[in-house]
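Report on the following structure.
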Amino acid sequence: MTTTVTTAAAPAPAGHPAPDTAARRRRRATLLRWCFVAPAALYLLAFFGYPLVRNILMSFQHYTPHTFFTGESPFNGLDNWRAVFRNPLFVDSLGHTLVFTVGSLLGQFVLGLALAVFFSRRFPLSGVVRAVLLLPWLVPMVVSAVVWRKLLDQESGVINTLLMDLHLTSSAVPWLSSPDLALLAAILVNIWIGIPFNMVILYGGLQEIPRELREAAALDGAGAWRTFRSVTLPLLRPVVTVVLILGFMSTVKILDLILALTGGGPADSTQTLGTVTYQLSFQQLDFGQGAVVGNVLVLVSAVFAVLYLRANRSDFGQGK
Amino acid sequence: MTAVPTRAPLVSPLTASSRRAVHTAAALAILAVLLFPLYWMLNIALQPGESLAATRWLPTSGGWDNFQRALSSQGGSLVTSLVVALGAVVVCLLLAAPASYALAQFRLRGGRAMVFATLITQMVPGIVIANALYSAYVDLGLVNSLLGLILADASLGLPFAIVLLRAFMVSIPGEVVEAALVDGANRFTAFVRIVLPMSRNALITAGLFTFLFAWSDFVFALTLNTTDDVKPITLSMYEYIGAHVSDWGAVMATAVVSAVPAAILLVVAQKYVAAGITGGSVK
């Protein structure tokens, strides 16, 4: 728009100098525009780009506790990668990450969807209750983990008190102290944390589906379940894709919940890629091996990032 | 008088309203079950200390001791968290607002790439960032510093803020800014005087979420601090349960206090929260 003003003001017939100043002005305008974006772009490069590149380099370097005094971290080829892949803890943590992520997603999604469907009916207080239900998702994850650690405590936890009072179990369940149960307990807690997120997005998706379609199905004699399965669910699919991909990416990297709930134990039964990265880098101070596990974690997320961007472009970009 | 209705309504008004009442009751029951852990947190915090054996179902008086103990041992960390979270909000909004405006309103070469990159950054695990950032921070002398943690925590909100603000600023009509430019303002003053006030609600939402993300941060607090100089409440509580698991009253009192920003966000910005979650699609 500024260019039209410029050409109008310039001595029209001269020809040569006008396009020159116009070009210069345009260049200055472009520069100014970049001044708006540059600070954020530089920050993103420093706090996301640099770590990603640096982690790849670090995974080929030898770090010891001395490195931070001497500054020496020589390149050591594939040593870190070999060491990590031979470490049984890495293989175990990969499995735990998978079970934790898939289990959490299933639980969060099914319960979130059920709540979303329930709340899309009209009844008094629906909005208020829906808003308050978000609280578990907004509370810091470490806080939730600490609260659940108390709830699930074998001796003094209220969950066991309840289970025993209702005669569902005869003795106190060692939720967090048994290697067989700790991962399940972590999954249950994470399901609780993730339900609101699933509910909110799926609820939004349900609101987009025209009411008439469901009413038409009902008039045609379809029952509630049939309508849900044949009309609602297919129309909801784009939103379902996004919710599951986003859920995957945020769940696969969870660290605070597990550290504060079980610390990776008992007997490493709740170690995940995140906790192993933390342990290798910040407890054993082997940042090279930590970087290897971190890179594996990035790789796993990247696969789903690609899926997300695909789904995002075709389905979720409703005009925004 | 006995004019029979031509067609009996499928659902009589009475059953419709009673069905709604049943729904409300069910919703309240769901709420009670899902919020029970948070109720229990409050309940334990309000019980007098050392009542480990049997926690009552309702809070008794005398629990204020717990809050006193919590505040005296962790008050400093609460202040640290507050400073860090506010700092992160300032950094985040200073960076995000102009960038979002440019990405929404200017035709920029590479603009699309940057929006794309912003979406990607939301998927980078925090521990991976911390891994590389730590050694860079050692070189820059930013380990154990408030500034270092503020800068790192701002990264939790920045991509979200850009996505959210950009979505809002796309809808600002170009003519509004053009008019200011004609009146002699430059791009920057037009941005500050016109665009920012118009975007107030979006800025508040982005700021509140950034505050909450920074307040909830644990990974950076844990990894970028090796001494007790900078210890936000999440880290403080984590260390506290490691050392004093027996004093659950004080632990839960701290938990209650650290959940306050979430509760405030829910009350103050209720209508923006759901929009924020779906719009930003993070966490």
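Letters A, B, ... are given to chains in the order of the sequence lines, protein chains preceding strands, and every chain is numbered from 1.
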Report task. For the residue pair A:Phe36 and B:Phe191, categorise the inter-ring angle as parallel (less than 30°), tilted (30 to 60°) or perpendicular (more than 60°). Result -> perpendicular
Query raised in the report: Who passes ring pair (Phe, Tyr, Trp, His ring centres under 6.0 Å) against B:Tyr134, sequence neighbours left out?
Result: A:Phe68, A:Phe282, A:Phe287
Query raised in the report: Can you tell which of A:Asn55, A:Val143, A:Asn295 has the highest number of heavy-atom pairs within less than 4.5 Å of chain B?
Result: A:Asn55
Report task. For chain B, find which of A:Thr161, A:Thr30, A:Leu259, A:Leu297 contributes the most heavy-atom pairs closer than 4.5 angstrom. Result -> A:Leu259
Report summary line: Whatever's closer than 4.5 Å to a heavy atom in chain A on B:Ala97 counts as neither
Query raised in the report: Is A:Arg33 positioned over the aromatic face of B:Phe106, cation under 6.0 angstrom from the ring centre and no more than 45 degrees off axis?
Result: yes
Query - Heavy-atom contact with chain A under 4.5 Å, split by part of B:Ser100 - result: neither
Query raised in the report: Considering only heavy atoms, which portion of B:Ala26 lies under 4.5 Å from any heavy atom of chain A: side chain, backbone, both, or neither?
Result: both
Requested in this report: Enumerate by number any residue of residues 217-224 of chain B whose heavy atoms lie under 4.5 Å from heavy atoms of chain A; in the absence of such residues, state 'none'.
Outcome: B:Phe218, B:Val219, B:Leu222, B:Thr223
Requested in this report: Could I get the full list of side chain to side chain contact (heavy atoms under 4.5 Å, CB included) partners for B:Val177, not counting sequence neighbours?
Outcome: B:Tyr101, B:Leu181, B:Arg187, B:Ala190, B:Val195
Query raised in the report: Between A:Tyr63, A:Phe47, A:Tyr203, A:Phe304, which shows the greatest number of heavy-atom pairs under 4.5 Å with chain B?
Result: A:Phe47
**Report entry** Spacing of B:Met123 atom CE and A:Ile245 atom CD1 [to the nearest 0.5 Å]
**Finding:** 9.0 Å
Query raised in the report: In Å and rounded to the nearest 0.5 Å, what is the CZ to CZ distance from B:Arg20 to A:Arg122?
Result: 10.0 Å
Query raised in the report: How long is the gap from CG on A:Leu138 to CD1 on B:Ile264, to the nearest 0.5 Å?
Result: 12.0 Å
Report task. Identify which of B:Leu151, B:Leu158, B:Ile120 forms the greatest number of heavy-atom pairs closer than 4.5 Å to chain A. Result -> B:Leu151
Query raised in the report: What part of B:Leu108 lies closer than 4.5 angstrom to a heavy atom of chain A: side chain, backbone, both or neither?
Result: side chain
Query raised in the report: Relative to chain A, which segment of B:Ala117 carries a heavy atom at a distance below 4.5 Å: side chain, backbone, both, or neither?
Result: neither
Requested in this report: Tell me, out of B:Ala96, B:Gly111, B:Ala152, B:Ala263, who's got the most heavy-atom pairs with chain A below 4.5 Å.
Outcome: B:Ala152
Query raised in the report: With a 4.5 angstrom heavy-atom cut-off, which part of A:Ser126 approaches chain B: side chain, backbone, both or neither?
Result: neither
Report summary line: Interface check, chain B: of A:Val158, A:Leu255, A:Leu133, most non-hydrogen pairs under 4.5 Å belong to A:Val158
Requested in this report: For the pair B:Thr24 (side chain) and A:Pro124 (backbone), establish whether a donor and an acceptor sit closer than 3.5 Å, ignoring hydrogens and angles.
Outcome: yes
**Report entry** Rounded distance (nearest 0.5 Å) linking atom CD of B:Gln122 with atom OG of A:Ser301
**Finding:** 13.0 Å
Report summary line: Bottom line for A:Phe119: the part with an atom under 4.5 Å from chain B's heavy atoms is side chain
Query raised in the report: Looking at A:Leu44, A:Val146, A:Leu125, which one has more heavy-atom pairs under 4.5 Å with chain B than the rest?
Result: A:Val146
Query - Toward chain B, the part of A:Ile195 with a non-hydrogen atom under 4.5 Å - result: side chain
Query raised in the report: So how far is it from B:Phe188 CZ to A:Cys35 SG, rounded to the nearest 0.5 Å?
Result: 10.0 Å
Query - Note, B:Val128 side chain near A:Thr277 side chain (heavy atom, < 4.5 Å) - result: no
Query - Residue among A:Val252, A:Leu42, A:Val37 with most heavy-atom pairs under 4.5 Å to chain B - result: A:Val37
Report summary line: When rounded to the nearest 0.5 Å, the distance separating CG of B:Leu94 from OH of A:Tyr43 is 12.0 Å
Requested in this report: Just jot down the ring pair (Phe, Tyr, Trp, His ring centres under 6.0 Å) partners of A:Trp192, sequence neighbours excluded, or say none.
Outcome: A:Trp148
Report task. Could you tell me which of B:Ser155, B:Ala259, B:Ala102, B:Ala255 has the largest number of non-hydrogen atom pairs under 4.5 Å with chain A? Result -> B:Ser155
**Report entry** chain B contact via A:Leu273 - side chain, backbone, both or neither, heavy atoms under 4.5 Å
**Finding:** neither
Query raised in the report: Where does B:Val124 contact chain A at under 4.5 Å (heavy atoms): side chain, backbone, both or neither?
Result: both
Query raised in the report: Among B:Pro261, B:Gly126, B:Ser171, B:Ala154, who wins on heavy-atom pairs under 4.5 Å with chain A?
Result: B:Ala154
